[in-house]
There are 2 protein chains.
Amino acid sequence: MNQTDIQDFLQGLQSQVNGDALDEVVACCSFIQLTRGAKLIETGKRHPFLYLIVQGSAKSYYLSEGKEVCTWFAFEGEVVSTMSTFAGHPSNETVELLEDAALIRIHVKDFKALSVNRASVARLITEWVVEHAIFLESLLYLQSLPVKMRYEHILEARPEILQRVSLTDLASFLGMSRESLSRIRSAP
Amino acid sequence: MNQTDIQDFLQGLQSQVNGDALDEVVACCSFIQLTRGAKLIETGKRHPFLYLIVQGSAKSYYLSEGKEVCTWFAFEGEVVSTMSTFAGHPSNETVELLEDAALIRIHVKDFKALSVNRASVARLITEWVVEHAIFLESLLYLQSLPVKMRYEHILEARPEILQRVSLTDLASFLGMSRESLSRIRSAP
DNA sequence: CGGTTCCTTTGACTTAAGTCACAAAGTCAT
DNA sequence: ATGACTTTGTGACTTAAGTCAAAGGAACCG
């Protein structure tokens with residue numbers, strides 16, 4: 001994947017950044033390929049990059065009493081980051097690839113620096129963050145439902161998750177035990 | 001509260017915006033006073049304002065099967081908004097004053113318009129949204145704890161809530177029944 | 001091919017938290 | 001104060017979901 005490809009990919013996602021600004025954004029991107037299990041972000045570490053998934057999938061989780069608690073999954077075309085990346089804090093979560101993946105990696109410092117002079121880049125950043133915050137609001141809503149409805153809701157809203165995520169990870173994302181998920185799935 | 005007071009208040013919150021930019025921010029602010037029960041944001045409506053609490057408190061909630069589910073509380077010095085305000089979507093939540101309050105109201109369109117030419121304003125917006133997103137992440141973490149630990153956590157992290165919020169609202173915020181909260185509080 | 005290992009399902013039992021019903025204590029207006 | 005209304009606390013019971021334990025299935029590897 002070369003610079004032109006990256007440009008095309010970015011444009012596919014976002015038409016807001018254009019012309020010279022887009023060239024400058026592309027200049028702080030690089031294309032990388034990693035294998036299943038690779039960690040994009042690790043708990044406790046500061047992370048200067050955000051990622052766009054070209055191909056593959058990732059999960060985010062933290063450990064609670066030794067157990068993984070998944071907070072989200074991400075697929076093609078999605079932005080992968082944690083808010084700590086934007087805020088410059090150490091991350092509370094680990095982000096790990098569920099499949100071999102092709103990614104565009106963006107250096108946040110460079111990206112933020114660009115936003116100082118490029119209003120369109122500043123707007124793009126805000127938009128991504130707002131989108132992420134709305135996503136977090138939807139997760140809170142999901143967790144407020146009784147477990148069976150959580151499963152039904154995700155089945156409805158993001159059926160692709162079922163195809164690509166292990167039931168163990170899905171159960172942890174839905175805030176229930178594997179056994180409960182299994183029973184809900186086999187229920188009439 | 002006049003323009004100078006507003007300026008002082010904003011500067012107390014955020015030193016990032018300075019000089020001319022601050023004057024321009026103040027120009028899209030107005031000071032209002034409202035009584036307990038007033039709704040700043042209503043479910044299903046688009047809302048063009050965000051608020052800073054000078055004095056008083058507010059809660060945000062949505063209705064689920066006729067019951068209020070509180071998502072957060074806000075006090076002096078905090079920014080009150082929902083992400084739908086930034087995104088221009090109808091709100092999923094209602095924000096209501098818990099006490100008579102003094103507020104600075106900011107017109108989001110004007111504010112966003114300012115950010116096009118004022119990088120410091122754009123950064124302020126991003127920072128508020130990032131802060132809100134981190135706050136939402138903390139709420140998700142809270143909800144993942146067993147109920148007793150939720151109470152202990154909030155007691156530790158935000159003891160002022162206990163003084164100013166009814167136990168009914170607090171229970172709903174903590175995702176438990178009033179009875180459970182009452183039992184947890186009276187436990188040894 | 002057989003043997004690990006991991007993932008998922010199922011069954012029996014336990015426990016955390018909810019519901020319902022009622023009592024006690026506060027708040028408020030008259 | 002007095003009565004109406006709201007908020008909080010307690011007890012008895014129910015239910016949802018978790019835990020523990022065991023057993024099929026897939027996938028993986030020599």
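These numbers come from the heavy atoms of this one structure, side chains and all, not from hydrogens, waters or symmetry mates. Within every chain, numbering begins at 1; the chains are lettered A, B, ... in the order of the sequence lines, protein sequences first and strands thereafter. Every value quoted in this text rests on a predicted model; they were computed, and no experiment measured them.
Applying the salt bridge (Lys or Arg N to Asp or Glu O under 4.0 Å) test to residues at least two apart or on different chains, the pairs with a partner in residues 169-182 of chain A are A/Lys59-A/Asp169. Listed by first then second residue, pairs satisfying ring pair (Phe, Tyr, Trp, His ring centres under 6.0 Å) with a partner in residues 74-113 of chain B read B/Phe49-B/His107, B/Phe111-B/Trp128, not counting sequence neighbours. Legend: ring pair (Phe, Tyr, Trp, His ring centres under 6.0 Å) pairs involving residues 154-177 of chain B, not counting sequence neighbours, sorted by first then second residue: B/Phe73-B/Phe173. Counting only residues at least two apart or on different chains, the side chain to side chain donor-acceptor pair (under 3.5 Å) pairs with a member in residues 37-53 of chain A are A/Thr43-A/Thr94.
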Anything under 3.5 Å between a protein N or O and an N or O of nucleotides 25-29 of chain C, put it in a table, one pair a line.
none

Give me, pair by pair, the N or O atoms of the protein and of nucleotides 10-14 of chain D that are less than 3.5 Å apart, along with how far apart they are.
unit_1, atom_1, unit_2, atom_2, d
D/dG11, N7, B/Arg183, NH2, 2.8
D/dG11, O6, B/Arg183, NH2, 2.6
D/dA12, N6, B/Arg183, NH2, 3.2

Tabulate protein N/O versus nucleotide N/O from nucleotides 27-30 of chain D, keeping only pairs under 3.5 Å, one per line.
none

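Within 6.0 Å of CZ in B/Arg36 there are 12 or fewer heavy atoms belonging to other residues, nucleotides or ligands. The 12-atom threshold is exceeded at CZ of B/Phe135, counting heavy atoms of other residues, nucleotides or ligands nearer than 6.0 Å. The environment of CZ in A/Phe31 is crowded: more than 12 heavy-atom neighbours from other residues, nucleotides or ligands sit within 6.0 Å.
Here A/Arg105 pairs with nothing under the salt bridge (Lys or Arg N to Asp or Glu O under 4.0 Å) rule; sequence neighbours left out. In terms of the salt bridge (Lys or Arg N to Asp or Glu O under 4.0 Å) criterion, A/Arg183 has no residue partners (sequence neighbours excluded).
Residue A/Lys148 contributes atom NZ, which lies 10 Å from atom P of D/dA16 at whole-angstrom precision. Per the geometry, CZ belonging to B/Arg36 stands 12 Å off P belonging to D/dT6, to the nearest Å. The nearest whole Å value for the distance from the CG atom in B/Leu181 to the P atom in C/dA16 is 17 Å. In this structure, B/Ile184 places its CD1 atom 15 Å from P of D/dT8, rounding to the nearest Å. When rounded to the nearest whole Å, the span between CD of A/Glu68 and P of C/dC7 equals 10 Å.
Among the nucleotides D/dA17, C/dG18, C/dT9, the one closest to any side-chain atom of B/Met176 is C/dG18.
Summarising the geometry of B/Ala122 relative to A/Thr126, their closest heavy-atom pair is O-OG1, 4.5 Å, with the distance given to 0.1 Å.
Axis angle across the helix from C/dT8-D/dA23 to C/dT30-D/dA1, with five pairs used at each end and values rounded to 10°: 50°.
Of the residues in residues 150-169 of chain B, those lying under 4.0 Å from DNA chain D by heavy-atom distance are B/Ser166, B/Leu167, B/Thr168.
In this structure a side-chain-to-backbone donor-acceptor pair under 3.5 Å is missing from B/Glu96 to B/Ala58.
Here the straight-line distance linking atom CG of A/Leu34 with atom CG of A/Leu40 works out to 6.5 Å at 0.5 Å rounding.
B/Val116 belongs to no hydrophobic cluster with other residues, because no ILVMFWY side-chain heavy atom falls under 4.5 Å from its own, directly or through intermediates.
A sub-4.0 Å separation between OP1 or OP2 of D/dA17 and a side-chain N or O of A/Ser177 is absent.
Between B/Arg185 and B/Glu152 there is no salt bridge, since no side-chain nitrogen of the basic residue lies less than 4.0 Å from a carboxylate oxygen of the acidic one.
When the side chains of ILVMFWY residues are joined at heavy-atom separations under 4.5 Å, either directly or via intervening members, B/Val69 and B/Tyr61 end up in two distinct hydrophobic clusters. A continuous path of hydrophobic side-chain contacts links A/Trp72 to A/Met176 [ILVMFWY only; heavy atoms under 4.5 Å].
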